[in-house]
J.: 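Below are the structure tokens for one structure; questions will follow.
Every number for a ligand or one of its atoms is a count from 1 in the order of the listing.
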Amino acid sequence: MNEKQVPLTMAAYRLAVLPGDGTGREVMSEALKLLALFEEKSPISFEIKHIPCGGQYYLETGDEWPKGSFEYCRDESDAILLGAIGWPDARLPNGDMAGGQTILGLRSGLRLYANVRPVKLYPGVMHKVHGVHKQVWDPKQVDMVMIRENTEGLYHSLLRRMEQRALGQKDDPIVIEEFPGLDGEVAWDPRPISRKGSERVIRFAFDFARHRQKKLGKPQSITCVDKSNVTRGCQLFRKIFREFSESNKDIVTKEAYIDAFTMWIVRNPEQLDVVVLPNMFGDIATDLASVLQGGMGMAASANLGPKHMLFEPVHGSSPKYAGKNVVNPIAMLQSVQMMFEALAYRAEDKNLDKCADILQKAIQSHFEEGGIVTYDLGGNASTSEVGQAIADRCEKLLIEEFQ
Ligand code: GGG
């Protein structure tokens, strides 16, 4: 045994850390402090590879990330932790977002088909359904997980271009089609939805609901959200959802059109458990749903595939707040918690599972006990002060558990 009581054969988890742009860098600093603490106070070790990337990096260097970064993430990391991507005026010569190669190239190139976005209101957090400063929703009523299809749909052509760039390949040729009835300049994005792509994310949603059922000790429904009254891709998505419903009778299933669903999220969140949606609808619905959990500063996510996983806050780089040390780091820290949980599950690592519980407990108790919060939650604490407050709670719990 070494100093930390780690069996010498125990390998460190290999993490690729991509802070990206703007406030992504600030919230990532808090995540790194937390990782260092867990390394020091628990038997878990990390081997961290820092990869600069994003629109700002592109403006500085002409590249979206250093050569070999995609290959590192694909071949040499156990998990990827991403801050945020996107910077004003950072565009590739073809007009695509600079930095997209990292976030979208990885989602597509590593087949990260399930984008898991929990929407949970912690006791002590004000949701943002206001105008009136009054709590409409009881935290017990807001606890759902949205699962966004992550590799096709309306994002397909951009995802593909970004994957091709990441692999150093040429873009697919652009196919020009005629649109009868439309005059002048036309721009369009195809929205392919495949059986295979739908089956894998819907299967994931059923497995996830079953897992949550066991964990929470109560039934979990799955709601399929689409626009199958209008679009063919959604008709296929819903057809496949119904096939799964037929053969998974232990799970209650519901269906909704995305337009009506946007009302449903805000009016009756207590009726939603697991929700599965095509790519763009999932992107939009989760921003809306974040209002129920206190805003984007609280929204964490996991991008999961057959072999790889990437964790990131749902929010972007917030250029307006960049460099000010004011944004909420919780979405990032909660993404680290999701990473601990997922890595522990895949590696069957009981110690890392304990670390996931500790971080969860630290975040939950911080809000329950009225801990300091950033401006978005009505406080005036800085990013680093909130990060430190969570780290202090973790430290106490780590000492109780491991020393
Ligand atoms: N951390 C999330 C982030 O950086 N988002 C920027 C972005 O462009 N995301 C694309 C998407 O999720 O649709």
J.: Give the contacting part of Met296 toward ligand 1: side chain, backbone, both or neither, where contact means a heavy-atom distance below 4.0 Å.
T.: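 Neither part.
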J.: Can you tell me which residue among Val116, Asn115, Thr151 is in a side-chain contact (heavy atoms from CB on, under 4.5 Å) with Asn303?
T.: Asn115
J.: Atom 6 (C) of ligand 1: which protein heavy atom is closest, and how many Å away?
T.: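 Scanning the protein heavy atoms, the shortest distance from atom 6 (C) of ligand 1 goes to Ile85 O, 3.4 Å.
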J.: Counting both backbone and side chain atoms, is some N or O of Met97 under 3.5 Å from an N or O of ligand 1?
T.: no
J.: Just to confirm my output: which protein heavy-atom neighbour is closest to atom 13 (O) of ligand 1, and how far is it?
T.: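 It is Tyr155 OH, 2.4 Å.
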J.: Both conditions, 6.0 Å and 45 degrees, for the charged tip of Arg191 above the ring of Phe281: are they met here?
T.: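 Relative to the ring axis of Phe281, which defines the angle, Arg191 lies inside both limits.
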J.: Hey, does Gly83 come in under 3.5 Å of ligand 1, counting only N/O atoms on both sides?
T.: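 Yes; the residue has a nitrogen or oxygen that sits under 3.5 Å from a nitrogen or oxygen of the ligand.
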J.: Measure from NZ or CZ of Lys41 to the centre of the six-membered ring of Phe402, then state whether that distance is under 6.0 Å and the direction lies within 45° of the axis.
T.: no
J.: Does Met280 approach ligand 1 within less than 4.0 angstrom via side chain, backbone, both or neither, non-hydrogen atoms only?
T.: neither
J.: Would Arg148 count as a cation-pi partner of Tyr155, with NZ or CZ less than 6.0 Å from the six-membered ring centre and within 45° of the ring normal?
T.: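 Here Arg148 passes the 6.0 Å and 45° test against Tyr155.
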J.: If I compare all heavy atoms of Ala31 with all of Met332, which pair ends up nearest, and what's the gap?
T.: CB-CG, 3.9 Å
J.: What do you reckon, does Pro313 put a non-hydrogen atom under 4.0 Å from ligand 1?
T.: yes
J.: Between Ile193 and Arg232, is there a side-chain heavy-atom distance shorter than 4.5 Å?
T.: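 Arg232 vs Ile193: side chains apart.
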J.: Arg107 near ligand 1, heavy-atom distance under 4.0 Å?
T.: yes
J.: Using a strict 4.0 Å cut-off to heavy atoms of Asp283, name the atoms of ligand 1 that fall inside it.
T.: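 So the answer, numbered in order with elements, is 13 (O).
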J.: Report yes if the distance between the aromatic ring centroids of His211 and Tyr345 is under 6.0 Å, otherwise no.
T.: yes
J.: For Gln334 and Gln360: C-alpha separation, side-chain torsions, deciding distance, then whether side chain to side chain donor-acceptor pair (under 3.5 Å) applies.
T.: CA-CA 8 Å; Gln334 187 76 64; Gln360 184 59 54; 2.9 Å; yes
J.: May I ask you to list the atoms of ligand 1 that are less than 4.0 angstrom from any heavy atom of Ala84?
T.: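 This gives 1 (N), 4 (O) as the contact atoms.
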J.: For atom 5 (N) of ligand 1, which candidate among Ile103, Ile284, Asn115 provides the closest heavy atom?
T.: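 Answer by nearest heavy atom: Ile103.
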